[in-house]
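Take a look at the structure set out below.
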Protein chains: 2
Amino acid sequence: MKEGPDIARVAALLGDPARANMLTALMSGRALTATELAQEAGVTPQTASSHLAKLEAGQIVKPRKEGRHRYFTLSGPDIVEALEVLMGIANRVGHNRVRTGPKDPELRKARVCYDHLAGDMGVALFDGLAKRKLIESDVNGVALTPAGIDFANGFGIDLDGLRAKRRPLCRECLDWSARQSHLAGSFGAALLDRFYDLGWARRVPESRIVRFSDAGEQSFRDLINP
Amino acid sequence: MKEGPDIARVAALLGDPARANMLTALMSGRALTATELAQEAGVTPQTASSHLAKLEAGQIVKPRKEGRHRYFTLSGPDIVEALEVLMGIANRVGHNRVRTGPKDPELRKARVCYDHLAGDMGVALFDGLAKRKLIESDVNGVALTPAGIDFANGFGIDLDGLRAKRRPLCRECLDWSARQSHLAGSFGAALLDRFYDLGWARRVPESRIVRFSDAGEQSFRDLINP
DNA sequence: TTCATAGTTCGATGCTAATCGAAGCATTGA
DNA sequence: TCAATGCTTCGATTAGCATCGAACTATGAA
């Protein structure tokens, strides 16, 4: 008999198109209701309910009851990690969904990865901050330099507040479309929040796309390439 | 319509018990023949052939023809990464098939997990490095401390060379015989290579067992418990 | 109370895929 | 040439499961 963790059981849960669509939608970081997830997956509420029951039993998602809604979130960061790795593989071997809609180019350019910026602009942000020596990447991972700390404070980010949380400040996250690192962690999330607040960009509803205004994109370019 | 990489297709390939068994066996890093993989998976050669054809079409494994054998290997380090992440999730949510660990005591003591050390000694290595504060583990994973970087350089490991690769330097890999973490990633692999080079240990052919010499084991104990 | 919405359960259906026996190639060795 | 081994293809069987219509429960609003 085989020993060890039963990866087939977990992988099978991620291996159904409808469930994969739901989980991908949850990577936006928002909690979604059962009905919303049904729409995301393109199935009826009954089918979605069956899938969600399976995902819940397998502890892939966590439900939270609120009024007559049930909101679902991913059960942990390891799920996000697994989905990202699988996306990387699917991308490498060319398993892309055949019908690449009009959204695809926008998605590759700038999208939200859980709560931080990914896509070409996410990678550009990471590289730009590194080139300006605001972040520094050593064997431990990424960290803010002293200059980076000054920058963050000047940019309106409450670093002390972020540090109080358990979550790491900076973290690399591999981008499936660009195949390079972008900036994750609470600092990465805070940066994206500031972009929203400054009006540089906004979320396109019902998708993971982050759309920059012309002026916002110019400001962004100035930021990373002064 | 949905956009992005088709993770369901990849996940479904990993989501069948027979295929998952084969892939887990290939994590030993050795190339295995179709018949060997059939035995590992506990299915007949015909069934295994069908599975291998699917895995090959999905570019999860790579075949290499040699005489009248076909040797299979995993198609890339990202596959290993995916399997490791899935193992971590499966363990976290308690999806274990485990009743008993590896029966062979030697296998339980020290074996290779793809390319790094697993088993009791793998766990001891992880704990020892942590106790010496050479590695540090936070919510997002493991990382080398500054002292760890010095140690690695002094131990003959080319960290800059390792970092040039896309593969993560440090990663926790859950040990299913000891049920604790051992050290994976390129640094974990480099450590095991050094053990071989230093003559501390060698691979037992035709198995995943790593056999330490008496002197080698003593040096290993000194390393992790100075 | 009555109606509307959110979500689930049940049952039927239909499709996919895993499995293995039997037979067929292909390579190697005698 | 013949036999043995490694592996694949074919065909039939089976089981699981995704799907949805219909009916049911629960919450909230009028």
Between atom [atom1] in [X] and atom [atom2] in [N], what is the gap in whole Å?
X: B/Leu52; N: C/dT19; atom1: CG; atom2: P; result: 12 Å
X: A/Leu14; N: D/dC17; atom1: CG; atom2: C1'; result: 17 Å
X: A/Gln46; N: C/dA6; atom1: CD; atom2: C1'; result: 12 Å
X: B/Glu36; N: D/dG6; atom1: CD; atom2: C1'; result: 12 Å

For this session: Decide, yes or no, whether a salt bridge links B/Arg70 with B/Glu36 under the criterion of side-chain N to carboxylate O below 4.0 Å.
Result: no
Problem set entry | Note: A/Lys54-A/Glu56 ion pair, threshold 4.0 Å (strictly below) |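 The answer is no: the pair does not qualify as a salt bridge.
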So which atom in [X] and which in [Y] form the shortest heavy-atom distance, rounded to 0.1 Å?
X: B/Gly216; Y: B/Ser213; value: N-OG, 2.8 Å
X: B/Ala48; Y: B/Ala34; value: CB-O, 4.3 Å
X: A/Arg92; Y: B/Asp78; value: NE-OD2, 2.5 Å

For this session: Side-chain contact test, heavy atoms from C-beta onward, threshold under 4.5 Å: evaluate it for B/His116 versus B/Leu191 and give yes or no.
Result: no
For this session: Look at the side chain of B/Arg9 and the backbone N and O of A/Ala90, then say whether any donor-acceptor pair between them is shorter than 3.5 Å.
Result: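 It does not hold such a pair.
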I'd like a list of close polar pairs between nucleotides 11-18 of chain C and the protein, N/O only, cut-off under 3.5 Å.
residue: C/dA18; atom: OP1; partner: B/Arg19; partner atom: NH1; Å: 3.3
residue: C/dA18; atom: OP1; partner: B/Arg19; partner atom: NH2; Å: 3.0
residue: C/dA18; atom: OP2; partner: B/Lys54; partner atom: NZ; Å: 3.4

For this session: Kindly state which residues belonging to residues 55-72 of chain B come within less than 4.0 angstrom of DNA chain C, counting heavy atoms of the residue only, listed by number.
Result: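 Within this stretch, B/Gly67, B/Arg68 sit under 4.0 Å of the strand.
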For this session: Enumerate the residue pairs fulfilling salt bridge (charged side-chain N to carboxylate O under 4.0 Å, His left out) with a member in residues 13-27 of chain A, sequence neighbours excluded, ordered by first and then second residue.
Result: none
For this session: By nearest nucleotide on DNA chain D, pick out whichever of A/Val43 and B/Pro45 is the more 5' one.
Result: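 Upstream on the strand: B/Pro45.
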